[in-house]
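Read the structure below first, then the notes.
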Amino acid sequence: MTGSERGQTMTQVDTAGTAQGDVDTAGTAQGDTGLPDADPGDTGPRYTGARTGPWKRGRVLAAVALLLGLFMLLHASIPNRVGNLGSLVETFLPWFGLVIPVLLAGALLRRSVLAVVALLLPAVVWLNLFGGLLTDKSQSAGDLTVVSHNVGADNPDAVGTARALAASGADVLALEELDPGALATYEKELAAAYPHHTVLGTVGVWSTLPLSDTRTVDVKMDAGPLGDAKPAGVKLPYNRGLRTTVATDHGPLAVYVAHLGSVRVNPGAGLSSGQRDAGAQALGRAVAAEPNERMVLLGDLNGTVDDRAYKDVISRMRSAQEAAGDGFGFSWPATFPVVRIDQILVRGVEPESSWVLPATGSDHLPVAARISW
């Protein structure tokens with residue numbers, strides 16, 4: 001190979017190298033974006049800036065939790081002007097606590113710290129309102145046992161009901177909704193255990209201790225001037241309130257028995273409770289006028305002690321269940337109790353224990369309490 005041919009060959013090789021280098025340079029220029037190489041196995045999105053943190057997730061749940069807390073906290077401010085909404089809410093107020101674990105489950109599912117923190121408000125409010133009912137406050141002491149039972153006008157087993165009540169050990173037994181056709185049965189079955197009894201209309205008291213100074217208490221089952229004009233003898237058969245005195249070893253005890261008007265829940269009109277509310281006000285006036293400081297109110301009040309309709313009564317008396325019971329003491333309906341509308345309220349005596357008795361043939365459960373001086 002001559003020198004000229006070697007020169008040509010070297011020129012071709014250099015040219016090819018230069019061309020190859022040009023291609024590499026171009027490839028580098030085209031492929032170099034300044035970003036890290038992608039992982040071939042990574043198929044998900046690489047941009048994470050849109051993800052929200054635990055303090056930003058669950059805002060709707062947090063808002064609902066706060067509204068629930070304020071709703072329970074300010075229940076007394078809910079007006080009764082439209083459908084007695086305030087009283088309706090207060091009747092079922094404890095059950096709103098069931099919303100709390102539902103919201104908690106949603107908060108945990110969403111991993112929302114914000115919603116969990118917001119749930120502290122309704123939890124604290126509910127515990128402040130009803131936490132005291134979750135503990136057993138009953139004591140073994142007591143001087144007198146009282147029982148109240150709406151026996152039910154349609155009770156198919158008056159004999160069994162009377163015998164169950166006689167076996168309860170009550171010293172004072174108050175019965176409401178006594179059907180005239182079943183009255184003789186109750187008198188017969190309770191006579192052995194209770195030598196003293198009085199019945200005025202559809203309410204009565206059976207006692208192991210002497211009774212005196214018995215009279216009717218008008219709970220306004222007849223509304224308006226027409227009702228007020230009716231003679232007492234005309235109203236007596238359907239009378240639903242009485243007051244009597246029980247002679248105890250510690251002195252006289254005033255005992256009131258009442259069966260207030262029924263309430264109805266209508267989807268269109270809300271809570272219909274006008275007659276009951278009038279009865280509650282009349283009962284409040286009777287309690288305020290009672291001269292005996294020691295008294296017990298027994299009966300089917302067709303409402304809970306949280307209902308504002310009973311403020312005149314509750315302001316002067318206290319619930320034996322709240323003071324000395326174990327749990328909520330729900331009494332109606334007997335098949336699946338959801339509210340306590342059968343009450344034992346006291347003044348001037350100390351409630352030691354309060355409980356609910358087993359079901360009878362009535363749609364109400366009997367309620368009992370033991371009191372002391």
Side-chain angles (χ1 to χ4, degrees), residues 133 136-138 142 144-179 182-183 185-194 196-199 201-209 240-242 244 246 253 255-260 262 296-305 317 319-346 349 351-371:
L133 295 173
D136 185 359
K137 299 175 289 299
S138 60
L144 194 76
T145 300
V146 295
V147 168
S148 176
H149 189 29
N150 179 328
V151 295
D154 299 324
N155 190 329
D157 186 18
V159 172
T161 299
R163 291 177 179 176
L165 293 172
S168 68
D171 299 297
V172 177
L173 175 63
L175 302 186
E176 305 89 45
E177 207 169 294
L178 283 165
D179 182 77
L183 178 57
T185 300
Y186 287 104
E187 290 179 327
K188 176 184 176 181
E189 296 298 331
L190 296 173
Y194 300 98
H196 311 280
H197 88 281
T198 181
V199 176
T202 63
V203 293
V205 174
W206 277 257
S207 174
T208 61
L209 302 169
R240 294 170 70 162
L242 70 78
T244 191
V246 178
L253 175 70
V255 173
Y256 282 71
V257 182
H259 180 197
L260 299 188
S262 300
V296 176
L297 169 59
L298 308 162
D300 173 10
L301 302 189
N302 270 311
T304 70
V305 294
M317 307 187 76
S319 164
Q321 182 66 28
E322 289 193 349
D326 180 13
F328 289 90
F330 294 146
S331 63
W332 184 87
T335 52
F336 187 78
V338 296
V339 292
R340 183 181 176 90
I341 60 176
D342 300 276
Q343 307 293 347
I344 298 178
L345 306 177
V346 300
V349 293
E352 300 291 354
S353 57
S354 180
W355 64 97
V356 177
L357 294 171
T360 66
S362 171
D363 59 340
H364 292 246
L365 295 177
V367 294
R370 191 154 179 81
I371 62 175

Go through the structure and list residues passing side-chain hydrogen bond (donor to acceptor under 3.5 Å, both in side chains) with [X], not counting sequence neighbours.
| X | value |
| --- | --- |
| Ser138 | Asp136 |
| Ser353 | none |
| Ser319 | none |
| Thr244 | Thr214 |

Hey, what's the ring geometry for His197 with Trp206, parallel, tilted or perpendicular (30° and 60° as the breaks)?
parallel
Restricting to non-hydrogen atoms, name the atom on [X] and the atom on [Y] that form the minimum distance, rounded to 0.1 Å.
| X | Y | answer |
| --- | --- | --- |
| Pro358 | Pro366 | O-CD, 3.4 Å |
| Ser168 | Val147 | OG-CG2, 4.0 Å |
| Pro351 | Val346 | CD-CG2, 3.9 Å |

Derivation and outcome, side chain to side chain contact (heavy atoms under 4.5 Å, CB included), residues Leu190 and Leu175:
CA-CA 12 Å; Leu190 296 173; Leu175 302 186; 4.1 Å; yes
Taking [X] for the side chain and [Y] for the main chain, is one N or O donor matched with an acceptor at less than 3.5 Å?
| X | Y | value |
| --- | --- | --- |
| Glu176 | Leu301 | no |
| Ser148 | Gly299 | yes |
| Gln343 | Gly303 | yes |
| Arg370 | Glu352 | no |

Nearest-0.5 Å distance that lies between atom [atom1] in [X] and atom [atom2] in [Y]:
| X | Y | atom1 | atom2 | value |
| --- | --- | --- | --- | --- |
| Asn302 | Ile341 | CG | CD1 | 4.5 Å |
| Leu357 | Asp342 | CG | CG | 11.0 Å |
| Leu144 | Asp171 | CG | CG | 4.5 Å |
| Leu253 | Ser207 | CG | OG | 9.5 Å |
| Asp363 | Ser331 | CG | OG | 10.0 Å |

Sequence neighbours excluded, which residues qualify as side chain to side chain contact (heavy atoms under 4.5 Å, CB included) partners of [X]?
| X | result |
| --- | --- |
| Ala182 | Ala158, Asp179, Tyr186 |
| Asp157 | Asn155, Val159 |
| Val356 | Arg340, Leu365, Val367 |
| Glu177 | Asn150, Ala153, His259 |

Please examine the side chains of [Y] and [X], heavy atoms only from C-beta on, and report whether any two atoms are closer than 4.5 Å.
| X | Y | value |
| --- | --- | --- |
| Val151 | Leu165 | yes |
| Val255 | Leu298 | yes |
| Asp300 | Leu260 | no |
| Gln321 | Ile344 | no |

Does the pair Leu345 and Val305 meet the rule for a side chain to side chain contact (heavy atoms under 4.5 Å, CB included), with working shown?
CA-CA 10 Å; Leu345 306 177; Val305 294; 4.1 Å; yes
Candidate pair Tyr194 and Thr208, rule side chain to side chain contact (heavy atoms under 4.5 Å, CB included), full reasoning:
CA-CA 5 Å; Tyr194 300 98; Thr208 61; 3.8 Å; yes
Salt bridge (charged side-chain N to carboxylate O under 4.0 Å, His left out) against Glu322, all qualifying residues, sequence neighbours excluded:
none
Looking at residues at least two apart in the chain, or sitting in another chain, which of them share a ring-ring contact (aromatic ring centres under 6.0 Å, His included) with Phe330?
Trp95, Phe328
Evaluate salt bridge (Lys or Arg N to Asp or Glu O under 4.0 Å) for Glu189 paired with Arg163, printing each intermediate quantity in order.
CA-CA 6 Å; Glu189 296 298 331; Arg163 291 177 179 176; 3.0 Å; yes
Would Thr360 and His149 count as having a side-chain donor-acceptor pair, cut-off 3.5 Å?
yes
